[in-house]
Amino acid sequence: MSSGWRWRDLPSGVKFCGRKFSRKKSGTAMVRVKARYLLCELNVSDRTQLLLLDDRAVLAAVKTAVARIHGDYGAALCSMRFSIKYLNAHTGIVFLRFLRRAYKLLWSALPFITSIDARGHKIPCFLNCLHVGGTIRTCQKFLVRYNTQQLHRMLPKCRNEEEKQEVRKAILNCSLTKGNNEEFHIESESEEDEEAQS
Amino acid sequence: MSVFVDLNLSYTADNNRLRALIETAAHLGFSTVAINYVFEPTTKKKQEIPAPKPISALIDHLPIVQGRSRPITVLNRLTVVMSDSSHFRPNAAEYRGFDLLAVYPTTEKLFHSACMLLDIDIIVISVTEKLPFFFKRAPVNGAVDRGVVFEVCYSAAIRDSTMRRYTIANALSLMETCKGKSVILSSAAEKALELRGPYDVINLGRLFGLSDADAKEALSSTCRSVLLHAETRKTASGIVYTRRSCQEDSPQPDLCDAPAAKRPHLAE
Amino acid sequence: MRRDEEKGEAAVFQRVVLKNASPYHYMKVCLVLEDESTKLSAVELKQFIITGLKTLYGEVGAALNFDLLKYDEDTFTAVLRVYSKWLVKLWSSLTLNGFYQNQACAFRVLQVSPFLLALSGNSRELQLD
Amino acid sequence: MKVWTGGKQGKQRWRRRSNTTPRSLLVCERSSFCDENNRVSSQVEQLHFNYKVSVLLSDCSSAPSHLESLLTSFSHFYLVRNLPLHELLDKQFLETAVYQGNVYGLSYRTRLDEDNCVALMPNGHLVLSLDKDSFQVLGFEGKTSTFNYKTKNRYVVTVDLTDGSMAPGRQAYLRLLTGLTSRLPLQMDFLLSHHPGGGASLQALLSRYIWSEHKPEVGTCSLTHLPCPDLQSCDPHGLLEWLGAVDANISRDNSSSSFLSSLVCPEPKRTVSRALRISICGLLLPHDVQRLIQELRCYLGQCQPESWVSLTVHGFVDSPVSWGGKEHGVLRGGENFYTLFIFHDHTYHLHLAAGAQDTCPP
């Protein structure tokens, strides 16, 4: 069989793949896996029902909606690196992490969520996307700003001086530092999305 | 571009079905196919590595490839399912009867060793379950450098909806890591109706995150380099090749049949 | 994606180059069924393709518009027309369609082209024996 | 630290590539035969390997006799089985055929995206489109295929056989000859044809191999009540779609809301009561197409002023060259064809279409 083989035909270190490969020292490099974080607000008619929600219920609701709207292909994309990063059951704020190449497709399924099943209850609700960011930190910054805005909006509606004081205090609180906003504290390492590959 | 190749037709003891598979593959335009024998060692008892059946015993008259005037080429391939590092026995005499050698690693550690160490041609990517580990750049690059390729099989995706999700998700995460190079797409078909035409598979590659040109290579040029790689495995660095001079009656598959692997390509 | 170049030498001469402008792609497909005696009407075929689209691409896929231009019930051969940007979706769902009413089946895509005319002039069909 | 040289950009480019549809090209020209600068004849001449010609005559129920006789007089072609390629370099063949000009040869039952393909053009150029293995074994200079320039898996070797350096006995000639005889003994089925008036003779070559002579196949079909768009104002893609539907016998009497198909004839439309479709298949020479066009123009002169004629010429999908020896490739389908609408007042519309791997038509 090897009649055509000659010494000089052989590449150094046998590679018969017909292509030049980038030969780098692999092993130490850290490559960030790109993701998109969607900051969503859960809108319900009865705010007490929010407390029933947990990560798993929201996760399942998103997955079902994606599977219904985008079929097997969507479900496959949705199973890749998708997670609920943070859920605040008091305010109804949800952080979703999607694979960056697929986030638009998956995002398009979110409006079709009409209810979430949690602990045996069916909670009618809808998801309102507030912000899309590349890192958790940008979303966090946005959320602080957004909450401040909301508080400002609440100020004129206050009925008595006591309430006003409280709201003012809250506004002051969140404009101080971004970290110690009490209704928002994720594990401070927002680098956790920078997962080391290899 | 070279000829279209499907390196995975599942072996069945049913000769008629196997013949139908080969005939369908030829009809669809595949010029070379490989019959895949799966060897799944278990801890309980020692098992025999299957011996490849000579092609002439399976099919007496090789069908003509569609639109061409040459017959189809049929090769043998062994896939070892590895759940423990002892399952792959390098230098086992039984492996020598096969033209191609593949492993299916089930854990990250085995995947790493398959990429970096084992003397194999193909690493099979799981398509029937959720990926038990992430593909890391280092082992994947190592495999690419060594000329070992990754295989994604599509027929599970035809059979079942859940498998389809796993196939797409696992293939996509593989393509993210290896950027569409050093990947082959093959069928793993058990029935003739699970085979798809080469252009259909190329389009399916788009679903797996491959570009048209890359997908076309996954069916042709990359397979060709696998066949060449398989040949170097049998030789000492592709230089020295030993063969028993007195031909016994045992019908060892003749290596001259290796299609694209007839000649080594010259160094670039 | 449209480039016009007008050449001035004669008032009547006009040349227009259209790049990637074809709105549709055309596919010639053939359905192979395990049980060849099955009858399948054009409406059933289209329903079947839509079901396949729905499982792979969900409700978005089911809403995808395509036309069944021609169908031959004896050979199960059909000509489909689909918007170019949805070609990949339609094609991949055809590829992954494996069962028609619990019997195995396969779509064989014979030809795909941005021009319907090209389907009737495929030189790979030339038989000289 | 980045692992891949392409880095961020490379990755994005990879992503973008995986989302693009294959390109297609359509060139539309309008002019008149009376215009001295019209290029129809050169454009027809430049597409060397034609597989099928289909003609649609409006307001006509049976083909005029002179048209019919012209169709039957299309040049015959030969199929040679297992022709060793070095035979094309044979001194006698060069002298009796290639140097005389107008010899057309094309490998048969080979696919351009998989196998080695060969074309012998009428100007004496020999084009070999080879895969990587064959090219490197052949040992003759060639170029990387334009459509595979990144992966370098296909190479194109172009040789001018009429050039002085390729004369029998010269160094380049001998190198190619030994390449094709000893290193890469390619054998393939070959379609050969030649211009009958050119003086070339293929007999010497044919006598040594198994060959068969083939006559282009003619088919006619008459159509009635054909809805027809306004040819002057219709957009080119709609027009070609309509013509394709006529060619493939696709019914167009749908409403735009029907379930199965919403294909309708583009508005404004009129109904042509009678029409005739003629098709002819085989290895057809541009010269014959040229004659057909002349004949059609003559025929049109005798018709009513509103009638028209369309002529569609399909090139071979697996020919290594498209218009004028430019490289041709196959990604999914290698369509290369042109459609010519001729009107009564000698104006014409020419549509030249090319697939994903093709250069722009002339």
Side-chain angles (χ1 to χ4, degrees), chain C residues 1 3-5 7 9-26 28 41-43 45-47 50 65-72 78-81 84-88 91 109-129, chain D residues 21-32 35-38 49 51-52 54 79 108 111 189 191 212 214 236-238 240-245 247-251 254 259-263 279 281-283 312-319 332-335 337 339 347 353 355-356 360:
Chain C
M1 298 241 217
R3 176 159 54 99
D4 291 30
E5 32 180 88
K7 295 193 179 170
E9 75 254 329
V12 281
F13 187 81
Q14 185 194 10
R15 178 179 164 103
V16 183
V17 180
L18 301 166
K19 215 171 161 189
N20 290 346
S22 172
Y24 298 105
H25 266 70
Y26 304 88
K28 198 183 208 175
S41 73
V43 175
L45 179 75
K46 183 152 181 183
Q47 284 289 7
I50 291 175
N65 240 329
F66 70 95
D67 294 310
L68 185 77
L69 299 186
K70 189 184 171 185
Y71 175 59
D72 181 359
V79 177
L80 307 177
R81 175 177 83 161
S84 297
K85 67 170 183 182
W86 290 339
L87 172 74
V88 175
W91 194 352
V109 178
L110 305 175
Q111 202 187 348
V112 176
S113 170
F115 305 102
L116 185 54
L117 260 176
L119 296 194
S120 57
N122 186 0
S123 65
R124 287 188 175 179
E125 290 165 2
L126 180 66
Q127 289 291 341
L128 290 178
D129 301 305
Chain D
T21 37
R23 81 186 182 126
S24 65
L25 277 175
L26 183 64
V27 177
C28 309
E29 288 192 8
R30 290 176 174 214
S31 184
S32 164
D35 184 357
E36 280 173 18
N37 292 321
N38 88 71
F49 303 103
Y51 161 64
K52 183 181 176 183
S54 71
L79 168 64
Y108 175 57
R111 301 212 163 163
D189 294 352
L191 296 175
S212 52
H214 295 269
H237 281 288
L240 289 185
E241 181 182 60
W242 169 78
L243 196 63
D247 246 20
N249 261 334
I250 290 168
S251 85
N254 307 298
F259 173 68
L260 279 180
S261 156
S262 58
L263 177 77
S279 63
C281 254
L283 177 63
T312 307
V313 180
H314 297 273
F316 270 85
V317 168
D318 293 309
S319 145
R332 253 175 211 174
E335 53 273 306
F337 68 91
T339 299
T347 55
C360 190

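Every chain is numbered from 1, with letters handed out A, B, ... down the list of sequences.
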Counting only heavy atoms closer than 4.5 Å, note whether C:Leu126 contacts chain D via side chain, backbone, both or neither.
both
Which atom names give the shortest non-hydrogen contact between C:Ser120 and D:His314, and what distance separates them?
OG-NE2, 4.3 Å
Under 3.5 Å, is there a donor-acceptor pair between the C:Tyr26 and D:Glu241 side chains?
yes
Output the option from C:Trp91, C:Tyr24, C:Tyr71 having the highest count of non-hydrogen pairs under 4.5 Å with chain D.
C:Trp91
Interchain contact, D:Cys281 with chain C, by part (heavy-atom threshold 4.5 Å)
neither
NZ/NE/NH1/NH2 to OD/OE distance under 4.0 Å, C:Arg124 and D:Glu335:
no
If we only count heavy atoms from C-beta on, is the C:Leu80 to C:Leu68 side-chain gap below 4.5 Å?
yes
Any donor-acceptor pair under 3.5 Å linking the side-chain atoms of D:Ser212 with those of D:His214?
yes
Per-residue contact mode, C:Asn65 against chain D (heavy atom under 4.5 angstrom)
neither
Please state whether the side chain, the backbone, both or neither of D:Thr339 comes within less than 4.5 Å of a heavy atom of chain C.
side chain
Please state whether the side chain, the backbone, both or neither of D:Leu26 comes within less than 4.5 Å of a heavy atom of chain C.
both
Minimum-distance pair of heavy atoms, taken over all atoms of D:Ala245 and D:Leu263:
CB-CD2, 4.2 Å
Relative to chain C, which of D:Thr347, D:Asp247, D:Asp189 shows the most heavy atom pairs under 4.5 Å?
D:Asp247
What part of D:Phe49 gets closer than 4.5 Å to chain C, counting heavy atoms only: side chain, backbone, both or neither?
neither
In terms of heavy-atom pairs under 4.5 Å with chain C, which of D:Cys28, D:Ser31, D:Ser32 leads?
D:Cys28
Just say parallel, tilted or perpendicular for the rings of D:Phe316 and D:Tyr51, cut-offs at 30° and 60°.
perpendicular
